[in-house]
Amino acid sequence: MSEKLRVGILGGTGMVGQRFISLLENHPWFEVVTIAASPRSAGKRYEDAVGGRWKMTTPMPEAVKDIIVKDVNEVATIASEVDFVFSAVDMTKDEIRKIEEDYAKAEIPVVSNNSAHRWTPDVPMVVPEINPQHMEVIDSQKKRLGTKRGFIAVKPNCSIQSYAPVLTAWKEFEPYEVIVSTYQAISGAGKTFKDWPEMEGNIIPYIGGEEEKSEKEPLRIWGEIKDGVIVPADNIKITSQCIRVPVLNGHTATVFVKFKKQPTKEQLIEKLVSFKGKPQELNLPSAPKQFIQYLEEDNRPQVALDVDFENGMGISVGRIREDSIYDWKFVGLSHNTVRGAAGGAVLCAELLKAMGYIQAK
């Protein structure tokens, strides 16, 4: 065994769990040693538990095939084997809140892809390039939980990744009113076209809960820590529509923005391509070298051409132009299961390790 931190994946048989396992293959800091899932998968080899439901385009890593899947409810057993866990469990929100807190109270840091704790006031919800300082609220959370090393940190919803970083890069121009429509891939629902053939050639104009997340979660990311909790920003309003489209991976956003201070197009582009954050400063293993790229062609960004920019961890932006009602408009694209889900959580864990919150036992 190397000196890598020992990682457990909670909910390892689902699509996001599979993405975690794929991304962590040969990771320089982390090694998957434990996989947990529902009781029906417990006791099986991981390869057998997944069966024909492996949804990644790359093969299942050899290192995990023979791992015996544990019951996710065996908190004490799993906690004894790992330094921290990623959570991608498929349960009700109340069940997720409880089990993630159970792991934290067992002194295991939990880095969650789930939405259950995104509005728990002392749980940081972080895009590492945007609000790494929110990790500091963990100290208050530990006091509440009565833990020394256990805590919960979460990443935000996949749908905001294609525009929230852009608006952050433009912060000095004071955006204050935003209209966004997101066109979201089917993998965001944990599906492939094999699972969901009725999505071929189809659009569904509703995704449960997505519009509220798209409007509210950026405000929490842009908020401040006050008295041990995160208080959302209130200086910007966002309204959204979220639509499911027949694309496997990649969420596209069309966005209209009003600014208090009027930028030029050249200034907007310069702020995007020069935008860096803590992950780039620290050279974290999963950090994109170029966080946001700007594409000059009228027909970009495209899912087929641009979704894998920076191994799926970068954001692609195009079509910045003046609007007749709002000030400016643009199109953004992000990979929803890499930057928007497992990859974003892995980057959060790397940041937490670099900040000293996740350490070997």
Side-chain angles (χ1 to χ4, degrees), residues 11 14-20 53 55-56 87-97 112-119 125 127 154-167 178-221 232 236-257 301-304 306-307 312 315-317 329-345:
M15 179 176 268
V16 175
Q18 292 176 23
R19 180 69 74 181
F20 273 121
R53 295 179 294 109
K55 298 180 179 182
M56 301 296 103
S87 176
V89 291
D90 183 14
M91 298 174 167
T92 68
K93 284 196 177 177
D94 286 343
E95 289 170 335
I96 293 170
R97 271 191 284 268
S112 180
N113 183 71
N114 296 303
S115 64
H117 275 291
R118 286 184 193 154
W119 288 92
M125 180 173 70
V127 176
V154 302
K155 52 144 289 296
N157 197 47
C158 53
S159 68
I160 75 169
Q161 310 285 338
S162 50
Y163 61 92
V166 177
L167 297 173
V178 177
I179 296 175
V180 58
S181 294
T182 57
Y183 304 87
Q184 300 187 203
I186 63 172
S187 58
K191 305 286 189 181
T192 64
F193 287 109
K194 180 181 175 184
D195 307 322
W196 204 359
E198 60 268 37
M199 271 306 298
E200 293 189 25
N202 193 22
I203 282 176
I204 299 175
Y206 173 74
I207 308 170
E210 286 292 297
E211 287 164 2
E212 182 182 10
K213 294 172 186 175
S214 297
E215 294 169 0
K216 302 299 184 188
E217 288 189 12
L219 307 185
R220 190 166 195 261
I221 289 169
I236 184 169
K237 292 183 178 178
I238 303 173
T239 185
S240 75
Q241 292 196 107
C242 299
I243 298 169
R244 188 73 73 193
V245 295
V247 166
L248 179 59
N249 293 310
H251 287 356
T252 299
T254 59
V255 188
F256 300 77
V257 191
Q302 291 182 31
V303 168
D306 304 309
V307 75
I315 312 299
S316 298
V317 177
K329 53 193 172 186
F330 69 92
V331 178
L333 170 68
S334 60
H335 196 305
N336 55 294
T337 67
V338 182
R339 167 57 75 165

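Computed from heavy atoms alone, side chains included, the values below leave out hydrogens, waters and symmetry copies. As the structure is a computational prediction, the values presented were derived from the model and not from experiment.
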Contact between Ser112 and His117 at the side-chain level, heavy atoms closer than 4.5 Å - yes or no? no

By side-chain hydrogen bond (donor to acceptor under 3.5 Å, both in side chains) - contacts of Ser334 (at least two apart): none

Closest non-hydrogen atoms of Leu248 and Phe193, given as atom of the first, atom of the second and distance, are N-CE1, 3.9 Å

Would you kindly say whether Asn157 and Glu210 are connected by a side-chain donor-acceptor distance under 3.5 Å? yes

Between CZ on residue Arg97 and OG1 on residue Thr92, distance to nearest 0.5 Å: 8.0 Å

Pro301 side chain reached by Thr252 side chain, heavy atoms, under 4.5 Å: no

Quick one: are His251 and Thr182 in side-chain contact, heavy atoms under 4.5 Å? no

Please name all residues satisfying salt bridge (Lys or Arg N to Asp or Glu O under 4.0 Å) with Lys329, sequence neighbours left out, ordered by chain then number. Asp323

Residues two or more places apart in sequence or in another chain: which of them pass salt bridge (Lys or Arg N to Asp or Glu O under 4.0 Å) with Glu211? none

Taking Lys55 for its side chain and Gly190 for its backbone only, find out whether a donor-acceptor pair lies under 3.5 Å. yes

What is the minimum heavy-atom distance between Ala116 and Lys93, and which atoms define it? CB-O, 3.7 Å

OG1/Thr337 to CD/Gln18 distance, rounded to the nearest 0.5 angstrom? 10.5 Å

Atom pair NZ (Lys216) and CD (Glu212), whose distance is rounded to the nearest 0.5 Å: 7.5 Å

Listed partners of Asp90 passing salt bridge (Lys or Arg N to Asp or Glu O under 4.0 Å), at least two apart: none

If the condition is side-chain hydrogen bond (donor to acceptor under 3.5 Å, both in side chains), which residues does Trp196 pass it with, not counting sequence neighbours? Glu198

Shortest non-hydrogen contact from Ile238 toward Ser214: CG2-O, 4.0 Å

According to salt bridge (Lys or Arg N to Asp or Glu O under 4.0 Å), who are the partners of Arg244, at least two apart in sequence or on a separate chain? none

Sub-4.5 Å side-chain heavy-atom contact between Ile221 and Ile160: yes

When rounded to the nearest 0.5 Å, the distance separating OG of Ser316 from CD of Gln302 is 11.0 Å

Measure across Ala253 and Tyr163 and return the closest heavy-atom pair with its distance rounded to 0.1 Å. CB-CD2, 4.0 Å

Among all residues two or more places apart in sequence or in another chain, which pass the side chain to side chain contact (heavy atoms under 4.5 Å, CB included) test with Pro232? Trp119, Leu219

Mind checking side-chain hydrogen bond (donor to acceptor under 3.5 Å, both in side chains) for Glu217 and listing every partner two or more places apart, or none if nothing turns up? Arg118

Non-neighbouring partners of Val245 that pass side chain to side chain contact (heavy atoms under 4.5 Å, CB included), sequence neighbours left out: Tyr183, Ile203, Ile243, Val247

Below 4.5 Å, heavy atoms only, C-beta onward: do Asn249 and Val303 meet side chain to side chain? no

In Å, rounded to the nearest 0.5 Å, how long is the span from CD1 of Ile315 to CG of Asp306? 12.0 Å

Are the side chains of Val317 and Val331 in touch, meaning some heavy atoms are under 4.5 Å apart? no

My understanding is that only residues two or more places apart in sequence, or in another chain, count here; which of them pass side chain to side chain contact (heavy atoms under 4.5 Å, CB included) with Thr239? Ile179, Glu215

Considering only heavy atoms from C-beta outward, does the side chain of Pro218 approach that of Leu167 to under 4.5 Å? no

For Ser87, all residues meeting side-chain hydrogen bond (donor to acceptor under 3.5 Å, both in side chains), sequence neighbours excluded: Glu100, Asn114

Is any side-chain heavy atom of Val89 less than 4.5 Å from a side-chain heavy atom of Glu95? no

All ring pair (Phe, Tyr, Trp, His ring centres under 6.0 Å) counterparts of Phe20, not counting sequence neighbours: Phe86

Would you find a donor on one side and an acceptor on the other, under 3.5 Å apart, between the side chain of Lys155 and the backbone of Gly340? yes

Rounded to the nearest 0.5 Å, how far does CG of Asn113 lie from CZ of Arg19? 11.5 Å

